[in-house]
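Atoms within each ligand, like the ligands themselves, are counted from 1 in listed order. Every value quoted in this text rests on a predicted model; they were computed, and no experiment measured them.
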Amino acid sequence: MGSSNAQLIYAAAVITMNDAGEIFSPGYLRVANNLITEVGAGRPTAADGETVHDFADDILLPSFVNTHHHLASSLIQGAEPKHKMAVGTVRDGAWLTMSVGLDREECEAGASLGYLQLLESGITTTTDSQSTWKGLSKLDGSITAAVKSGLRVIFCAAFVNKTELVPSDYQLTVSESVAELARLRSTYQNERVTIEPEPLSLPRVTDELVQALHKERNQLMAMHLTYSEEFDQWARKEYGYPALVHLEKLGVLDEKSLLAHPVHFDDAEVELAAKSGASAAYCAVSNMHMGLAIPDLRRYSEKGIPVGLGLDHPNGSHDFFETMKTTVLTQRSLNRDQESFTPLRALEMATRDGAKALKLFDQIGSLEVGKKADLLVIDGNAPELQPPAGLISQVVMAAKAKCVKHVAMDGKWHLFDYQHQSMKPNEIMSHSREVQKRLLESAGIYYGVRGAR
Ligand SMILES: [Zn+2]
C-alpha cells in the first residue's frame, strides 16, 4: 500500500447519492489519502501502487449518518419501561434509561458498546447527546468512548439547570456549563470528535442557559423539541405559543439549529423552521418505542428542511436499516398510500440529508470527488439480497445490519470482511457486562447474568 493510501475499489453497483442520483453498475471508486478522487462506471485498470479491492458482487454506497442518539444508554439496551423504574432506584432516583444517572465508567462502557454496533450497522458519523451531573464526569466518559471509537462524532454536551431529572444540587449553573463546555473542548476535541452545546430541552433549562450556550456553538446547537403532545401543551401553556416560536424569540433559532424529534410541529412551526434554515433529526423506531406520534415527513421535505434519521434511545436496536425501513412503512401507513414514501427517500435521509442536518454535506453524505472516503459495502451475496433486483428497495427494505461487510471512514477500513479492524468487540462487550453487573448490584437489583425479566 502506497503512502497515499491509494485504493481502487470495484463494486457490482456504486450508489453515489449525488445530486443527480447516479448509480454505476458495475462501478468503481478511487481513494487517495482520505478522499475520493474518482467515481464512475466500469472497471478501470489499476495504477502503480494502488491497492485494489474487488467487491465484484457487492454494493458500495456512502456510509450512514446517525443524527441523534444517547449512546451511553446502550448499557441497558433492550430494557422495557418497567426496568427503568427498577434501575431508577440508583443514584437519587435518576431515570437511568436515559443514562442520566450513569457515572464516567458506565457512560464509557455503554457508549463504547453503542459505537461497536453503529459501525456494524454501516454508520461512521454520529451525534451523541449526553447530559451532565456534577461530580459524575459523565461527559468525560462518553467523549472518551467517542475518541476511542475512531468514528466521526459530533458530541452534544447536554446541559440542564431546571429539572427533576438531575437533583438540583448536581445541576450546573449557566457559567459552570459554559466553562465545562470549554474544558471538554480543550481536553478532547480532535479532527474527528467535535463538541457542541445542547440545552437539553426547553422544560429542563432556563432561557438564560439556552442563550449562553447558543453563543458557544461552532457548527451546530442541538436541542430536543416537541416530541410529545404533553411537551407541546406545556410550551403553549408556559409561553402562550409553541416551543419553536420561543426559540425564535430567544434569538437562537437559525441555520445551525439541529432540532431532535420534530413530531408535533404545527404548520406555522414548519414554516418557521424552514425560514430559519434549521435542520431536524427524526427517530422513527425510538419514537414509536416510546408510544409517540408519527409526523408526516412530507410537510418538512416540501419546505426543504433537511431531516436526517436517528436511532435515539430507547430504541432496542442499533440497526440503521431497521430505522430506514420503519420510516418508509410508517409514512406509507400514515398517509394510507404506498406511493407516498419511497425507499430512496429513506436512503437519502440516512446519507445526504443526515449530512446536511449535521452541516457536513460538503465533506460526507455522498460519493463524490473531493469528499471524504466514508464507505459502506453491503454483501451482494447475502440471502436477503437474492435475486438481485430492485437495488435501492432491496438495500432499504430487505437488507439488515448483518449484511454490512466492509465499512471505511476517511479511507481507512474499520470493518473489513465482517471483522473489526480498530475496535475490540470482545473487550467492549465483557467490560459492559462487568460494569452493568456492578451497577445493578449496587442498586440491589442484580439477579444474575440473565436474571432480568
Ligand atoms: Zn433524544
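Under the 6.0 Å cut-off for aromatic ring centres, H313 and H68 do not qualify, their centroids lying 6.0 Å or more apart. Ring to ring, H261 and H224 are close: their centroids are under 6.0 angstrom apart.
Angle NE2(H68) to the Zn ion (ligand 1) to NE2(H224), rounded to 10°: 100°.
In summary, H70 places an N/O/S atom under 2.8 Å from the Zn ion (ligand 1), meeting the contact criterion. For H313, every N, O or S atom stays at 2.8 Å or more from the Zn ion (ligand 1).
In this structure, W133 and Y170 have tilted ring planes: the angle between them lies in the 30° to 60° band.
Rounding to the nearest 0.5 Å gives a distance of 8.0 Å between CE of M290 and SG of C283.
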